[in-house]
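Labels below follow one simple rule: chain letters A, B, ... track the order of the sequence lines, proteins then strands, and each chain is numbered from 1. Keep in mind it's a predicted model, so treat the numbers as computed, not measured.
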2 protein chains.
Amino acid sequence: MPSNSDVLFRMLADPTRRSILDLLAERGPMTVGQLAAEFPDLVASGISKHLMSLRAAGLVSATRRGRQQIYRLEPRALAAGLAPWIAKYEQYWSAALERLRDLAEEDGAKEELTFGKNLRRKRLK
Amino acid sequence: MPSNSDVLFRMLADPTRRSILDLLAERGPMTVGQLAAEFPDLVASGISKHLMSLRAAGLVSATRRGRQQIYRLEPRALAAGLAPWIAKYEQYWSAALERLRDLAEEDGAKEELTFGKNLRRKRLK
DNA sequence: CCGATATATTACCGTCTGGTAATGCATTAC
DNA sequence: GTAATGCATTACCAGACGGTAATATATCGG
């Protein structure tokens, strides 16, 4: 019986699927065709399969419009699945997040760091 | 050419490897035998192989003492590898982390939440 | 030195996985 | 209606992966 975390991490294991999630996060909902266009090396049907498994994992959801299928990120699933794990390693993230904060402050941003609210990421490419 | 993130996420994809990291994080450095004892269903040599790949990925390091090999978590690698990715989804983590904060406050802990510093995890199993 | 212990290494195997190609099925355009 | 489009589904394949078993190597206890 694969646990909740298991499917989540297995989804994130594939770079193509991570890229798909990235695209949906950056650009908002996209059709299969739009997404497939971002992966010239892959066949469209492959992207469709990835989207199906992501949908099965609850990380994305889809709504039809005509013959297009519009996929969107399901952020709550991502956060809900990873947050406990992230919290477990809380003490170790702090160092890395401090460095992010420092980078932000070098840019003149003076906000107090509360992760998820004021954290700015700049010059991190 | 597998990117840095690729190896990291592939390491995290396997539940046994995640458990190993968890154990090292909770209990500190452990020998192969101690770790293997935590996985009754697996053969010790399998654990050794996992540790070798984790070591190759830089997530753990090892020092010999006699015939024992003591493995310890290499938290900087974990944090350095994941922090950029986590930051990318920053806005989505916030909601989940707020809920963690709420749980902590229900327990009477009044600390201000600054991720990585005061965040307490309780009753999260 | 000898046997036992601790880990690493190698060989090998079934299974899972990511990928393509081909086909099917709606839906839109003409 | 017919053709074309957009996506899903199926079948199939090569390679990677997790695991075991067997063997090797080094270290410790006596």
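Nearest heavy-atom pair across A:Glu74 and A:Gly58 is CB-O, 3.3 Å.
Between the CG atom of A:Leu51 and the P atom of D:dT9 there is a distance of 12 Å, given to the nearest Å. Between A:Lys49 atom NZ and D:dC12 atom P there is a gap of 13 Å when expressed in whole angstrom units. Atom P of nucleotide D:dG18 and atom CG of B:Asp41 are separated by 17 Å, given to the nearest angstrom. Rounded to an integer number of Å, the gap from A:Arg65 CZ to D:dG6 P is 14 Å. C:dT27 atom P lies 11 Å from atom CD of A:Gln69, rounded to whole Å. In this entry the distance linking CD1 of B:Ile20 with C1' of C:dT7 reads 14 Å, nearest Å. Look at CD on A:Gln68: it is 11 Å from P on D:dA8, rounded to the nearest Å. Straight-line distance from the CD1 atom of B:Ile47 to the C1' atom of C:dA6: 14 Å, rounded to whole Å.
Within the structure, a side-chain polar atom (N or O) of B:Arg17 is placed less than 4.0 Å from OP1 or OP2 of D:dG18. Dashed line: the shortest gap from a side-chain N or O of A:His50 to OP1 or OP2 of C:dT17 is not under 4.0 Å. Side-chain N/O atoms of A:Tyr71 include none lying less than 4.0 angstrom from OP1 or OP2 on D:dG6. Contact between the side-chain N/O atoms of B:Thr31 and the OP1/OP2 oxygens of C:dT7 is found at a separation under 4.0 Å. Checking the phosphate oxygens (OP1, OP2) of D:dA8, a side-chain nitrogen or oxygen of A:Ser48 falls inside 4.0 Å. An OP1 or OP2 oxygen of D:dT20 is reached within less than 4.0 angstrom by no side-chain nitrogen or oxygen of B:Ser45.
In the displayed structure, A:Arg65 atom CZ is contacted under 6.0 Å by at most 12 heavy atoms of other residues, nucleotides or ligands.
Taking the side chain of A:Val43 as heavy atoms from C-beta on, and the options C:dT20, C:dT9, D:dG18, the nearest nucleotide is C:dT20.
Counting any heavy atom pair closer than 4.0 Å across all strands shown, B:Leu42 reaches sugar-phosphate atoms only and no base atom.
Looking only at distances, no side-chain donor or acceptor of A:Ser48 sits under 3.5 Å from a matching main-chain atom of A:Ala44.
The base of C:dT7 has none of its N or O atoms less than 3.5 Å from a complementary donor or acceptor on the side chain of B:Arg67.
A:Tyr71 OH to A:Gln34 CD: the interatomic distance, rounded to the nearest 0.5 Å, is 13.5 Å.
At a threshold of 4.0 Å, the pair B:Asp6-A:Arg18 counts as salt-bridged, since one of the basic side-chain nitrogens sits closer than that to a carboxylate oxygen.
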